[in-house]
There are 2 protein chains.
Amino acid sequence: MLLRIDPSSAEPLFEQIGGQVRALVARGELPVGTRLPSARDLAESLDVNLHTVLRAYQELRADGVIELRRGRGAVVASAPDHGPLHEAISALVATTRRLDIPPATAVALLKEALR
Amino acid sequence: MLLRIDPSSAEPLFEQIGGQVRALVARGELPVGTRLPSARDLAESLDVNLHTVLRAYQELRADGVIELRRGRGAVVASAPDHGPLHEAISALVATTRRLDIPPATAVALLKEALR
DNA sequence: CTACTTGTTAGCACGCAACTAGAACAAGTT
DNA sequence: AACTTGTTCTAGTTGCGTGCTAACAAGTAG
């Protein structure tokens, strides 16, 4: 699985991992039923601690993105209809760029609107 | 100014402050030229340290949201055309709710799309 | 039944970022 | 001249993120 982690980023590692998996699933690149790497494998390949990956996985499970079972590993549980989702995201990004809005502002607006 | 801070949140205080100001400005609730509370006043009213507010202000200035001058304080420098922005945000939020997508997933998608 | 895989839980340690506190300074306003 | 307000500096505390080790539980594979 292609995950790129930036150890020097201000964003926590477990959040980077979780965020990228969320994006992959929402984009349809990881269909329902797909098996994710085991926490130990992913931890090793990312050169990160087991707990860090596990924390990301737990968060993903809490939101129903994946299912976790001992012996079996992590499996994609549900994927949204990414068609309209991708459109809405693209439209927002386009507006953000056209109006030259700082990314942090766009994210802040979305966070508040979702609250 | 109506800012509500949650000291127990995982999101840093300076980020909460900055994010809320960004949202207020982008929504047009703080027109260009509006004077923000002085860092000391805001710090006191939020029961937070001066430096914490200052850090939020610095970040806002770095993105051109506000201007800072000694003696005068913080002034809203630029506000985007919030019409189309609000529409794009609303559309995304509507899609998110309709498809029952976790807020964290929507935010993760936006972050990646803006990168 | 046995061996292996994998998530679950627990305890401990370390470093860094966030936050706080106090103080002095610089530039602008009144 | 007095006051306001951002800027800078130093220093301390705290909590979170991360790492390390280890044992355990539940499922899978042979």
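This structure is a prediction, so every number in the text was calculated from the model and none was measured. Residue numbering restarts at 1 for every chain, and letters A, B, ... go by the order of the sequence lines.
For the pair Leu50(A) and Glu11(A), nearest-nucleotide mapping onto DNA chain D gives the more 5' position to Glu11(A). Each of Arg72(A) and Glu15(A) lies near DNA chain D, and the nucleotide nearest Glu15(A) is the one positioned closer to the 5' end. Comparing Ala10(A) and Leu68(A) against DNA chain C, the residue whose closest nucleotide sits nearer the 5' end is Leu68(A). Residue Ala74(A) is the one, among Ala74(A) and Arg40(B), whose nearest nucleotide of DNA chain C lies closer to the 5' end (criterion: closest heavy atom).
As a whole-Å value, the separation of Ile17(B) CD1 from dA18(C) P is 13 Å. Here the P atom of nucleotide dT18(D) and the CG atom of Leu42(A) are 13 Å apart, to the nearest Å. Put simply, CG on Asn49(B) is 16 Å from P on dG12(D), counting in whole angstrom units. Regarding Asp6(B), its CG atom lies at a distance of 15 Å from the C1' atom of dC19(C), rounded to whole Å. One can place CG of Asp41(B) at 16 Å from P of dC3(D), the figure rounded to the nearest angstrom. For the pair Leu60(A) CG and dT8(C) P, the interatomic distance rounds to 12 Å; values are reported in whole Å. In this structure, Leu46(A) atom CG and dG19(D) atom P are separated by 10 Å, rounded to whole Å. If you take CD of Glu44(B) and C1' of dA21(C), they are 15 Å apart, rounded to a whole angstrom.
Distances shorter than 4.0 Å separate none of the side-chain N or O atoms of Gln58(A) from OP1 or OP2 on dG7(C). Distances shown here put a side-chain N or O of Thr52(B) below 4.0 Å from the OP1 or OP2 atom of dT20(C). Phosphate proximity of dT20(C) to Arg55(B): absent, as no side-chain N or O sits under 4.0 Å from OP1 or OP2.
Residue-environment remark: CD (Glu44(A)) stays at or below the threshold of 12 foreign heavy atoms within 6.0 Å.
Nearest nucleotide to the Arg35(A) side chain, out of dT6(C), dT7(D), dC20(D): dT6(C). Here the nucleotide nearest the side chain of Leu54(A), chosen from dT5(D), dT20(C), dT8(C), is dT8(C). Considering only side-chain atoms of Leu13(A), the nucleotide from dG6(D), dT8(D), dT18(D) that sits closest is dT18(D). Taking every side-chain heavy atom of Ser38(A) into account, dT6(C) is the closest of dC20(D), dT6(C), dT20(C). Looking at the side chain of Pro12(B), the nearest of the listed nucleotides dC20(D), dG17(D), dC19(C) is dC19(C). When each of dC19(C), dT5(D), dA25(D) is scored by its nearest atom to the side-chain atoms of Arg70(A), the top-ranked nucleotide is dA25(D). Looking at the side chain of Val48(B), the nearest of the listed nucleotides dG7(C), dA18(C), dT20(C) is dT20(C). Across dG17(D), dT8(C), dC9(D), the shortest atom-to-atom separation from the side chain of His51(B) is found for dC9(D).
Of all the heavy atoms in Tyr57(A) and Leu42(A), the pair that sits closest is OH-CD2, 3.6 Å.
Judged by distance alone, with hydrogens and angles left aside, the side-chain atoms of Gln16(B) form a donor-acceptor pair with the main-chain N or O of Glu11(B) at under 3.5 Å. Within the 3.5 Å criterion, the main-chain N or O of Arg4(A) finds a donor-acceptor partner in the side chain of Gln20(A).
The side-chain heavy atoms of Thr34(B) and Val32(B), taken from C-beta on, include no pair separated by under 4.5 Å. With a 4.5 Å cut-off on side-chain heavy atoms, Arg55(A) and Glu15(A) do not count as touching.
Counting any heavy atom pair closer than 4.0 Å across all strands shown, Gln16(B) reaches no nucleic acid atom.
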